[in-house]
Amino acid sequence: MTNDQLIATFSEICGSKNVLTNPRARAPFQKGFRSGEGDVLAVVRPGSLLEQWQVLNACVAADKIVILQASNTGLTEGSTPKGSYDRDVVLINVSRLKGLTLLNGGAQIIGLPGDTLFELEQKLRPLNRSPHSVIGSSSIGASIVGGVCNNSGGALCERGPSYTELACYARVTDDGELELVNELGIDLGATPEEILKRLENGDYDKDSPAPIGKNASDPDYTKILRDVESDLPSRYNNDPRLLHGVSGCAGKLAAFAVRLDTFENYAREKVFYIGTNDPGVFTELRRHILKHFGTLPVSAEYMHRECFDIAAKYGKDTLVMIDKLGTDRLPMVFALKGMVDARLNKLALTWGFTDKFMQIVSKFWPQHLPKFLREYRDRYEHHLILKMHDGGIEEAEAFLPDFLERRGAQMHVCTPREAKIAGLHRFAAAGAAVRYGHVHAGDVEEILALDIALRRNDREWFEVLPPEIADKLLGKVYYGHLMCHVMHQDYIVRKGVDARALKAQMLEILDQRGAEYPAEHNVGHLYAAKSDLASFYKTIDPTNSLNPGLGKMSKKRNYA
């Protein structure tokens, strides 16, 4: 089959308007959310699960590489091509494949490839339930299936990373054949066509109990989190414990559906904002809560003063937009932003146009942070947003005042409004460094973003860089999830510095500290896959037909 014949086949399956071959039309799909870019033969956008299966079959028969992509919100180049390959690449964008279904009254759900965490939050809200993750990129379109494939999330202390042993997916076998695997625990028929049609149409028992011994969320996370004496991190991308089927597959399997647990909302929540100039205070606080509190926190979000400042200036419009428009409109706003940038970024002078424009507009908006937050910023270097629920509220109220007073730290009990703004300020930090880079492109070589998982018993969690590294940076944006010791560290690299060599130096330091990386964003094309993860990839995709090159592994057929 020639390439022209293959593209004609795609058009017959999905319709010609959903087969993108023009370079301009393909461009937004070929470039990663933060970095990474490569060429593809075509971008195909199937409109049904059966169409996705037929497109996959055509690709396998034609000996093409397949990269699967949903919302393209990945941060490690894992859902876009990178560099050259030994075979043509077809990118299948699955964002049209939607069909969230509630099981057992909402205790579980089935999500299709294009369903987003944001949509799941909306569907569960009337049931007083929520998904495993309600922070981060869920608000800008991250998909449910993508989260499972990357073991994403984990900021919520009682839920852990996204994980399931119940899924429906396709794999390429050792002999190069495509086969469909149904591990959802639901009878959908025998043939791929029947299974996929019934799955998409919801033609099955919505009260079907989960198979005994099969998990639809991480069953051991809270126990692991509480073990503060372990030499291992709480959660990280190379963790063999969480590699099962589509969970952690990073697109080396073609997922059609996942079955996941949902969680009942807490009856009561309260936020305690804590400031200190001694990171050791947070060390002891973390260890005490995890060892002795009967109720774990909802979350414990850390910010350093430098991160606070950059978020206050370069994340201001994000905070105000979410606060005033609400999260319901946020996906539409970010989609519009992406569409504008995709068109304008073809001209070098307009790179990051929307970021620069929104930054200018934000200067005219009044002060957006409450007085207590600004006072804590002036007084303290280290900040913690500790959210407790139900019985944990009383535990915190009994323990925190005396503990903090004896250590020169301070606590503010937030009103609901203050808690909302503090949380949004922390959320805005995630994109603030990128905005800084766009606004100051003449001074910035690159934004080097690391998400790392520290050892659970590591008392020296706050990073102090040696001068030979620190002098190469314009700034450091430190934020993260204190209880699980997962830290996001964005470095603003000075113009002219070799960012790749600098990253190698930083990773060497992390290796010496016993840290794991990445913590929650998939190795993508930026990190080397360690032995367990590399073996998993080879086992589930023996011919190296799906998303080759992940973890800096071979891109060639059969991993040659």
Side-chain angles (χ1 to χ4, degrees), residues 49 52 67-76 78-79 92 94-95 97-103 107-121 123-124 130-138 141-156 159-171 181-186 199 210-211 214-221 235-263 518-524 533 536-537 540-541 546-547 550:
L49 297 183
Q52 182 184 349
I67 295 176
L68 292 140
Q69 177 192 90
S71 304
N72 195 14
T73 59
L75 302 180
T76 57
S79 56
I92 301 178
V94 297
S95 57
L97 306 180
K98 296 180 180 292
L100 267 173
T101 302
L102 301 178
L103 302 181
Q108 289 187 326
I109 63 98
I110 285 183
L112 302 189
D115 291 323
T116 67
L117 274 172
F118 177 77
E119 292 162 345
L120 179 54
E121 286 181 46
K123 191 147 190 170
L124 292 175
S130 56
H132 93 283
S133 179
V134 291
I135 192 172
S137 58
S138 61
S143 70
I144 299 167
V145 168
V148 173
C149 292
N150 296 328
N151 291 142
S152 299
L156 301 183
R159 299 181 192 177
S162 184
Y163 175 77
T164 187
E165 296 163 7
L166 304 171
C168 179
Y169 58 90
R171 65 184 295 267
V181 181
N182 176 19
E183 296 177 340
L184 287 168
I186 298 174
L199 179 57
K214 296 291 186 179
N215 297 300
S217 60
D218 186 348
D220 301 317
Y221 184 67
R235 56 186 178 93
Y236 54 100
N237 198 259
N238 286 294
D239 187 354
R241 187 181 66 86
L242 298 176
L243 302 177
H244 185 286
V246 300
S247 294
C249 77
K252 301 293 282 180
L253 296 171
F256 286 89
V258 293
R259 182 173 180 171
L260 293 169
D261 291 331
T262 68
F263 302 86
E520 56 186 22
H521 286 152
N522 162 356
V523 291
L533 186 60
F536 178 65
Y537 287 164
I540 60 177
D541 181 23
L546 299 176
N547 216 350
L550 288 182

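Below, each value reflects all heavy atoms present in this structure, side chains not excepted, and no hydrogens, waters or symmetry copies.
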Nearest heavy-atom contact between S143 and S71 is N-OG, 4.1 Å
In Å, rounded to the nearest 0.5 Å, how long is the span from CD of E183 to SG of C168?
9.0 Å
Rounded distance (nearest 0.5 Å) linking atom OG of S133 with atom CD of E520:
8.0 Å
About how many Å separate CG of L166 and CG of N182, when rounded to the nearest 0.5 Å?
10.0 Å
Any side-chain heavy-atom pair from V145 and V246 closer than 4.5 angstrom?
no
Could you grab the distance from atom OG1 of T262 to atom NZ of K123, nearest 0.5 Å is fine?
12.5 Å
For residues I109 and L120, determine if any side-chain heavy atom of one lies less than 4.5 Å from a side-chain heavy atom of the other.
yes
For the residue pair D220 and R241, establish whether any side-chain heavy-atom pair is separated by less than 4.5 Å.
yes
Please report the shortest heavy-atom distance between P131 and L117, naming the atom on each side.
CB-CD2, 4.1 Å
Heavy-atom side-chain contact between C249 and R171 under 4.5 Å:
no
Mind checking whether I110 and D115 have side chains closer than 4.5 Å, heavy atoms only?
no
Considering non-hydrogen atoms only, spot the tightest contact between R259 and L103 and give its length.
NE-CD1, 3.5 Å
Please determine whether a side-chain nitrogen of the Lys or Arg among K98 and E119 lies less than 4.0 Å from a carboxylate oxygen of the Asp or Glu.
yes
Below 4.5 Å, heavy atoms only, C-beta onward: do L253 and L68 meet side chain to side chain?
no
List the atom of I144, the atom of L100, and the distance in Å for their closest heavy-atom pair.
CD1-CD2, 3.7 Å
Answer yes or no: is there a side-chain heavy-atom contact under 4.5 Å between S217 and L260?
no
Working note: N215 + D261, criterion side chain to side chain contact (heavy atoms under 4.5 Å, CB included); need CA distance, chi angles, decisive distance, verdict.
CA-CA 8 Å; N215 297 300; D261 291 331; over 6 Å; no
Could you walk me through whether L184 and L199 satisfy the side chain to side chain contact (heavy atoms under 4.5 Å, CB included) test, starting with their C-alpha distance in whole Å, then the side-chain angles of each, then the deciding distance to 0.1 Å, before giving a yes or no?
CA-CA 10 Å; L184 287 168; L199 179 57; 3.8 Å; yes
So which atom in F536 and which in H244 form the shortest heavy-atom distance, rounded to 0.1 Å?
CZ-N, 3.9 Å
Decide side chain to side chain contact (heavy atoms under 4.5 Å, CB included) for Y163 and H132; before the verdict, give the C-alpha distance in whole Å, the side-chain angles of both, and the deciding distance to 0.1 Å.
CA-CA 9 Å; Y163 175 77; H132 93 283; over 6 Å; no
Validation row: L242, S247 side chains within 4.5 angstrom (heavy atoms)
no
Output for pair (Y169 OH, I540 CD1), nearest 0.5 Å, gives 8.5 Å
Looking only at non-hydrogen atoms, find the nearest pair between N522 and Y537 and report the distance.
OD1-OH, 4.4 Å
Distance-only, no hydrogens or angles: does the D239 side chain make a donor-acceptor pair with backbone N or O of R235 under 3.5 Å?
no
